[in-house]
There are 2 protein chains.
Amino acid sequence: MRKENSTNSINEKHLNQNCGISATLSLIGGRWKINILSYLLNEDRLRYSALRARLEGISERMLISKLKELEQDGLVNRIVYPQVPPKVEYELTELGHSLREILELMDEWGEQKEPSH
Amino acid sequence: MRKENSTNSINEKHLNQNCGISATLSLIGGRWKINILSYLLNEDRLRYSALRARLEGISERMLISKLKELEQDGLVNRIVYPQVPPKVEYELTELGHSLREILELMDEWGEQKEPSH
DNA sequence: TTGGGTACTAACAAATAAGTAAGTACGTAT
DNA sequence: ATACGTACTTACTTATTTGTTAGTACCCAA
């Protein structure tokens, strides 16, 4: 779905290869990923439906799509229980956990920047 | 230009108010901002033309637009010298400098994640 | 045989971000 | 009078992300 050779994606690729920050942002950026990561940091394992309940306003398409990206990027594990109705849980990988400090710093920074505003 | 009451922007606003990480990301996210910030962290003050030279592939429209956003968000100061041809320098504000630790962590994380790949 | 619960999928539409190309302004130098 | 250097601006196009709506699959239980 992404155009490999648009200037847009060439620029992105180039920056990701030359700048760790860009590379990091490309994994955790976007509207929902950090929230998914945050819930998983605090609650260990969560079922798909539990995540959906916590992420107010997210659509199923977005949730699935972001979970899939996180999984492909090695930040999240998907655990399938072979039963009906289906049960699927998500948890952070070790790499995912290693984001904790960064996320906590960003949270502090964002909160003290705008105190209740 | 932004639609105040699209679901998209409502979701963003809501998250930014309830999550420091989202708020932080909304200030430093996107394709170019972190690179601008990085150069200013390392080189103190830079002229517009110096920034443009460092940011390979950026268009003038993007550079100006990102600088303007950074300025409006209080991360960057714009210093105008009243002379012709024009001379304008950019530097980080105190708030901008306070991102140093976060950016350094993200850089490390991004680099060790994918060692030369 | 109809409906329920859970985790998805697919086709489409809207919104936003990023990029392209061509200009503007204004003193100064030629 | 023309051209130059610097920091922008404008109008427009393309790319990418996000959201909407309506499904699917599966076994079980009534």
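Per chain, numbering begins at 1; letters A, B, ... match sequence-line order.
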Reading 5' to 3' through nucleotides 13-19 of chain C, protein heavy-atom contacts under 4.0 Å coded B for base, S for sugar-phosphate only, - for none: --SSSBB
Footprint string (nucleotides 24-30 of chain C, 5' to 3'): B base within contact, S backbone only, - free, heavy atoms under 4.0 Å: --BB---
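For R54(B), the salt bridge (charged side-chain N to carboxylate O under 4.0 Å, His left out) partners at least two apart in sequence or on another chain are E43(B). Legend: residues meeting side chain to side chain donor-acceptor pair (under 3.5 Å) with E12(A), ordered by chain and number and at least two apart, are R2(A). Applying the side chain to side chain donor-acceptor pair (under 3.5 Å) criterion to H97(B), with sequence neighbours excluded, gives no partner residue. For N11(A), the side-chain contact (heavy atoms from CB on, under 4.5 Å) partners are T7(A), R31(B), W32(B), not counting sequence neighbours. E91(A) meets the salt bridge (charged side-chain N to carboxylate O under 4.0 Å, His left out) test with R45(A); sequence neighbours excluded.
Close to dC8(C), at under 4.0 Å from its OP1 or OP2, lies no side-chain N or O of K68(A).
Put simply, CD1 on I64(A) is 15 Å from P on dT6(C), counting in whole angstrom units. The separation between Q83(A) atom CD and dC8(C) atom P is 12 Å, rounded to whole Å.
Cluster partners of I79(A), using a side-chain heavy-atom cutoff of under 4.5 Å among ILVMFWY residues and allowing indirect links, are Y81(A). Hydrophobic cluster of I10(B): no remaining members, since no ILVMFWY side chain lies below 4.5 Å from it.
The number of heavy atoms from other shown groups lying within 6.0 Å of CD (E94(B)) does not exceed 12.
Between the side chain of T93(B) and the main chain of N77(B), no donor-acceptor pair closer than 3.5 Å is present. In this structure, the side chain of S9(B) engages the main chain of E4(B) through a donor-acceptor pair within 3.5 Å. Put simply, the side chain of N42(A) gets close to the backbone of S38(A): a donor and an acceptor are under 3.5 Å apart.
If you check residues 40-52 of chain B against DNA chain D, the residues with a heavy atom closer than 4.0 Å are R47(B), Y48(B), S49(B), listed by number.
Using a 4.5 Å heavy-atom threshold, the side chains of L70(A) and Y90(A) count as separate. The shortest side-chain heavy-atom distance between L67(A) and I36(A) falls under the 4.5 Å cut-off.
Between E69(B) and K66(B) a salt bridge is recorded (basic side-chain N to carboxylate O distance below 4.0 Å).
For DNA chain D, the span of nucleotides reached by chain B at under 4.0 Å from its heavy atoms goes, 5' to 3', from dG5(D) to dT20(D).
Among the protein residues, Y90(A) comes within range of the sugar-phosphate backbone only, with heavy atoms under 4.0 Å from sugar or phosphate atoms but none that close to a base.
The terminal axes of the helix from dT1(C)-dA30(D) to dT30(C)-dA1(D), fitted over 5 pairs per end, subtend an angle of 30° to the nearest 10°.
When all heavy atoms of L27(A) and K33(A) are compared, the closest pair comes out as O-CD, 3.2 Å.
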